[in-house]
Amino acid sequence: MNALAATSRNFKQAARLLGLDSKLEKSLLIPFREIKVECTIPKDDGSLVSYVGFRVQHDNARGPMKGGIRYHPELVLKLRSLQSPLQYVIIGVFPIIAYIRTRSVESGLLQNLVDPDEVNALAQLMTWKTAVANIPYGGAKGGIGCAPGELSISELERLTRVFTQKIHDLIGTHTDVPAPDMGTNSQTMAWMLDEYSKFHGYSPAVVTGKPVDLGGSLGRDAATGRGVLFATEALLREHGKSISGQRFVIQGFGNVGSWAAQLIYENGGKVVAVSDISGAIKNSKGIDVPSLLKHTIEKRGVKGFNGADPIDANSILVEDCDVLIPAALGGVINRENANGIRAKFIIEAANHPTDPEADEILSKKGVVILPDILANSGGVTVSYFEWVQNIQGFMWEEEKVNNELKTYMTNGFKDVKEMCQTHNCDLRMGAFTLGVNRVARATVLRGWEA
Ligand SMILES: NC(=O)C1=CN([C@@H]2O[C@H](COP(=O)(O)OP(=O)(O)OC[C@H]3O[C@@H](n4cnc5c(N)ncnc54)[C@H](O)[C@@H]3O)[C@@H](O)[C@H]2O)C=CC1
Ligand SMILES: O=C(O)CCC(=O)C(=O)O
């Protein structure tokens, strides 16, 4: 199921449980604004290349819109999947356009098209996530359909600056505050801050996840992984277990996956398999995570690590373990592989890794899923601390950041559990009803008077 259909389905189910008025439901679902911009840059060899950038601002009832900027070829229009003749027949007049576009995508002509539905779903998720975390923000998400690994540093800088030039009037400290996501990092935020400041004066709070030297918060880099740790601890505690002694499998070893792995290792958990774009590895006795981190920095991937055996990357999600942590792409757990999953717990560090069809299959199997809008909310929570520090002009100690994060994650878990009891639902619906209810209340309080 496409990401937007899946997210909207969860939203509608929550709206039904809450008994929301249908007009309010509709207004919460429609994004506040969708921005699509052309970003053309000269490559290092002088040739021109054009990309499509997106920013979807979903909702601002509870405060400035907030969410990451993603650079990933996954955002390339997904028409490639429309390849069976039957699909072309079913969708009627669309086939000719689809065929031409599919051919164009394959031949590279349209390789930089972005899938607006994906960004739209991610923006909507941010609205419910900031509400679950109980931080004073709405939701947004952006991205450029590009393969950052294939661009040089100077090409990435030019692309980021052009994108910022195109959207600078529509973002701002009290309007919409971007942050890093897949394929972007603190350096990307430093370029955005610099470019934005050329138009509006020095404005450190316009982006979060910046380098600490430019007003970034101590602890932001590790925050999403640390939040995953705190949320996992809370869930396991409820089941009479702790991190120590559990076997973990992690898909994705970037910012979120590698920090989660490191913190789980430090807390006595056994990381038995890890994958990233380069490949997958397994060691049933437990991977030495600090050594794997060193290897990954040197070799730019987990592949070739000599403290574990290589395995088929496609099998990572069905490896034997107690806790599975998807920390890479969306939609990876679906009806094709859900039956094969052997974990007892799934902690959604990635955004929307589980398709609703898989949700149903896993629920029947008794697998407990900690949903993305709670599990990975540590990143945006520390982004909020960074924004507060920038506005106050006062920097916090790292210990304070981590302690506050633990409080927010623990409260989020408790609030979600209360909604589960009130509505007799699973953790995903507990989180969705919590988030949607908070946004609905703020929307009604603000009113619609023109
Ligand atoms: N960075 C943050 O603060 C937050 C990130 N997230 C979500 O966490 C997920 C990961 O984000 P980051 O770690 O920031 O991104 P990242 O770009 O730092 O790392 C992504 C990782 O996924 C791996 N990957 C990419 N394609 C893959 C594939 N087909 N199979 C296996 N691994 C693959 C990459 O090799 C890399 O290890 C995303 O879904 C993101 O939206 C959610 C909340 C906050
Ligand atoms: O830190 C932020 O503002 C954004 C984090 C994000 O993109 C996410 O939680 O998916």
Side-chain angles (χ1 to χ4, degrees), residues 3 56 64-75 118-119 121-130 132-133 135 137-143 147-149 171 176-186 188-189 205-210 216-217 219-228 231 249-261 273-281 292-293 296-297 300-303 312-317 325-332 347-354 372-387:
V56 175
M65 292 168 284
K66 188 84 188 81
I69 301 277
R70 178 178 282 204
Y71 289 177
H72 198 275
E74 187 204 7
L75 294 178
E118 178 78 17
V119 186
L122 292 166
Q124 194 195 130
L125 279 176
M126 285 308 304
T127 300
W128 318 135
K129 189 186 302 184
T130 54
V132 166
I135 53 179
Y137 288 137
K141 200 82 167 196
I171 60 172
D176 176 4
V177 184
D181 192 76
M182 274 188 98
T184 57
N185 54 28
S186 58
T188 322
M189 293 305 113
V206 71
V207 288
T208 60
K210 303 176 287 289
S217 178
R220 174 60 184 90
D221 196 36
T224 310
R226 195 177 295 281
V228 165
V249 165
I250 304 180
Q251 182 193 46
F253 205 64
N255 171 279
V256 179
S258 68
W259 271 109
V274 167
S275 76
D276 68 5
I277 193 81
S278 72
I281 54 165
L292 177 61
L293 281 166
T296 306
I297 292 164
R300 303 186 71 184
V302 302
K303 192 177 171 187
D312 177 2
N314 293 322
S315 75
I316 189 84
L317 299 168
I325 307 188
L329 304 172
V332 290
I347 312 294
E348 294 188 335
N351 282 308
H352 78 84
T354 314
D372 46 8
I373 57 175
L374 170 61
N376 70 29
S377 63
V380 72
T381 300
V382 175
S383 275
Y384 165 55
F385 301 158
E386 180 173 327
W387 182 78

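Residue numbers count from 1 along this sequence. Note that ligands are numbered from 1 as they come in the structure, with each ligand's atoms numbered from 1 the same way.
Ranking protein heavy atoms by distance to atom 1 (O) of ligand 2, first place goes to S383 OG, 2.6 Å. For atom 3 (O) of ligand 2, the nearest non-hydrogen atom of the protein is K66 NZ, 2.6 Å. Among protein heavy atoms, atom 10 (C) of ligand 1 sits closest to A327 O, 3.3 Å. Scanning the protein heavy atoms around atom 38 (C) of ligand 1, the nearest turns out to be A328 O, 3.1 Å. Regarding atom 17 (O) of ligand 1, its nearest protein heavy-atom neighbour is G183 N, 2.9 Å. Taking atom 2 (C) of ligand 2 as the reference point, the nearest protein heavy-atom neighbour is A179 CB, 3.2 Å. Scanning all protein heavy atoms for the shortest distance to atom 35 (O) of ligand 1 gives I277 N, 2.9 Å. Residue, atom and distance of the protein heavy atom nearest to atom 36 (C) of ligand 1 are G254 N, 3.7 Å. In terms of protein heavy-atom proximity, atom 40 (C) of ligand 1 is closest to D181 OD1, 3.5 Å. Closest to atom 20 (C) of ligand 1 among all protein heavy atoms lies M182 CE, 3.7 Å. When only non-hydrogen protein atoms are considered, atom 7 (O) of ligand 2 lies nearest to K141 NZ, 2.7 Å. Ranking protein heavy atoms by distance to atom 4 (C) of ligand 2, first place goes to G68 N, 3.5 Å. Remark: minimum distance from atom 9 (O) of ligand 2 to any protein heavy atom is reached at K129 NZ, 2.6 Å.
Annotation for ligand 1: atoms under 4.0 Å from non-hydrogen atoms of N351 are 6 (N), 7 (C), 39 (O), 40 (C), 41 (O), 42 (C). Residue R220 has at least one heavy-atom neighbour below 4.0 Å for each of these atoms of ligand 1: 3 (O). Against a heavy-atom cut-off of under 4.0 Å, G67 is close to the following atoms of ligand 2: 3 (O), 4 (C), 7 (O). Near D181, meaning under 4.0 Å from one of its heavy atoms, ligand 2 places the atoms 7 (O), 10 (O). Here is the list of ligand 2 atoms found below 4.0 Å of a heavy atom in G379: 1 (O). Listed by number with element, the atoms of ligand 2 under 4.0 angstrom from any heavy atom of M126 are 6 (C), 7 (O), 8 (C), 9 (O), 10 (O).
Looking at V256, N376, L125, T381 and measuring to atom 5 (C) of ligand 1, the nearest heavy atom belongs to V256. Among N255, T224, V228, the residue whose heavy atom lies nearest to atom 14 (O) of ligand 1 is N255.
The part of A349 lying near ligand 1 is the backbone, judged by heavy-atom distances below 4.0 Å. When non-hydrogen atoms are compared, ligand 1 lies under 4.0 Å from the side chain of L329 (C-beta onward) but not from its backbone. Neither the backbone nor the side chain of S258 comes within 4.0 Å of ligand 1, counting heavy atoms alone.
In terms of polar-atom proximity, R220 is counted as a contact of ligand 2, with an N or O under 3.5 Å from an N or O of the ligand.
N376 has its side chain out of reach of V256: every pair of non-hydrogen atoms, C-beta onward, lies at least 4.5 Å apart.
With K129 as the partner, the side chain to side chain contact (heavy atoms under 4.5 Å, CB included) test is satisfied by one option alone out of N351, D372, T381: N351.
A salt bridge between D181 and K141 is present, with a side-chain N of the basic residue lying under 4.0 Å from a carboxylate O of the acidic one.
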